[in-house]
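Report on the following structure.
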Amino acid sequence: MNVLSKETKDFIGKDKTVKSFNDKWNSDSGTAYPFDCPPVDIPMGGGFVPGRIYEFYGPESGFKTGMSLTGAALFAKYCEANKINYTVCWIESESTLDKARAFSFGVPPDRLVLFETDVFEEGRDKIRYWLAMAKKKGMRLFIVWDTIAATST
């Protein structure tokens, strides 16, 4: 049904800032990179969704880096299956990224770049640079900042 009820129309009135469920909504969830694990995918909107920022926090050895590596691997898998030019950009603040572990998660080493910094502003500037380059070259990026809490401002 594409028509709102009279009661709903009366409720909304002439407020043009409100959309009905039948209106076209912008959604980027069609290109989510799912984990194929409903307890993880459902709260994340179907998996990692482009354009969103995710924060993983918790105790040491709590799989925060593992979640990021999993997301990067899913992103890479999607891009390769759809012949999309991409790069995984990793900012590291505690020098803990293990190349063998990244590879074992499925992150292609030839698509992974690493930038190490202990200063927030340097990381922010690097992200701006990467985004500008990606836009210029028509690439998609998956950006991870591991241990951002360890950076100083």
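Values in this document were obtained by computation on a predicted structure and should not be read as measured data.
- Residues A73 and F105 come closest through the heavy atom pair CB-O, 3.1 Å.
- A tilted orientation is assigned to the rings of F142 and F75, their planes being inclined by 30° to 60°.
- Counting heavy-atom neighbours within 6.0 Å of F11 CZ, excluding the residue itself, gives a total of 12 or less.
- Side chain of N82 to backbone of I84: no donor-acceptor contact under 3.5 angstrom is found.
- M139 and V107 end up in different hydrophobic clusters when Ile, Leu, Val, Met, Phe, Trp and Tyr side chains are linked at under 4.5 Å.
- Of all heavy-atom pairs between T147 and E92, the closest is OG1-OE2, 3.5 Å.
- Atom CZ of residue F48 and atom OH of residue Y54 lie 7.0 Å apart, to the nearest 0.5 angstrom.
- For the pair Y33 and L74, the tightest heavy-atom approach, listed with the atom from each and the gap, is O-CD1, 3.7 Å.
- Open room surrounds CZ on F103; 12 or fewer heavy atoms of other groups in view lie less than 6.0 Å from it.
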Determine whether L69 and R101 satisfy the following criterion, side-chain contact (heavy atoms from CB on, under 4.5 Å), listing intermediate values before the conclusion.
CA-CA 9 Å; L69 287 169; R101 185 173 183 216; 4.0 Å; yes
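- A continuous path of ILVMFWY side-chain contacts below 4.5 Å connects M67 to Y78, so both sit in one hydrophobic cluster.
- Taking OG1 from T65 and CG from D146, the interatomic distance works out to 3.5 Å, rounded to the nearest 0.5 Å.
- Annotation: F63, atom CZ; neighbour count of heavy atoms from other residues, nucleotides and ligands within 6.0 Å is above 12.
- Residue I143 holds its CD1 atom at 5.5 Å from SG of C89, rounded to the nearest 0.5 Å.
- For the atom pair CG of L97 and CG of L112, the computed distance is 6.0 Å after rounding to the nearest 0.5 Å.
- Residue pairs satisfying the salt bridge (Lys or Arg N to Asp or Glu O under 4.0 Å) criterion with at least one member in residues 125-134, sequence neighbours excluded, are listed as follows: D125-R128.
- Heavy atoms only, all atoms of each residue included: R111 and Y86 are closest at NH1-O, 2.6 Å.
- E116 CD to S93 OG: the interatomic distance, rounded to the nearest 0.5 Å, is 9.0 Å.
- If you take NZ on K99 and OG on S104, they are separated by 14.5 Å, rounding to the nearest 0.5 Å.
- The backbone N or O of A132 lies less than 3.5 Å from no partner atom in the side chain of K137, so there is not a single donor-acceptor pair.
- Cluster annotation: W145 and V113 are assigned to the same hydrophobic cluster (Ile/Leu/Val/Met/Phe/Trp/Tyr, side-chain heavy-atom contacts under 4.5 Å, transitive).
- Across G123 and I91, no two heavy atoms sit closer than the pair O-CD1, 3.7 Å.
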Report the C-alpha separation of T70 and V40 in whole Å, then their side-chain angles, then the decisive distance to 0.1 Å, and conclude whether the side-chain contact (heavy atoms from CB on, under 4.5 Å) test is met.
CA-CA 12 Å; T70 300; V40 176; over 6 Å; no
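- Residues D41 and F35 approach most closely at OD1-N, 2.7 Å, considering heavy atoms.
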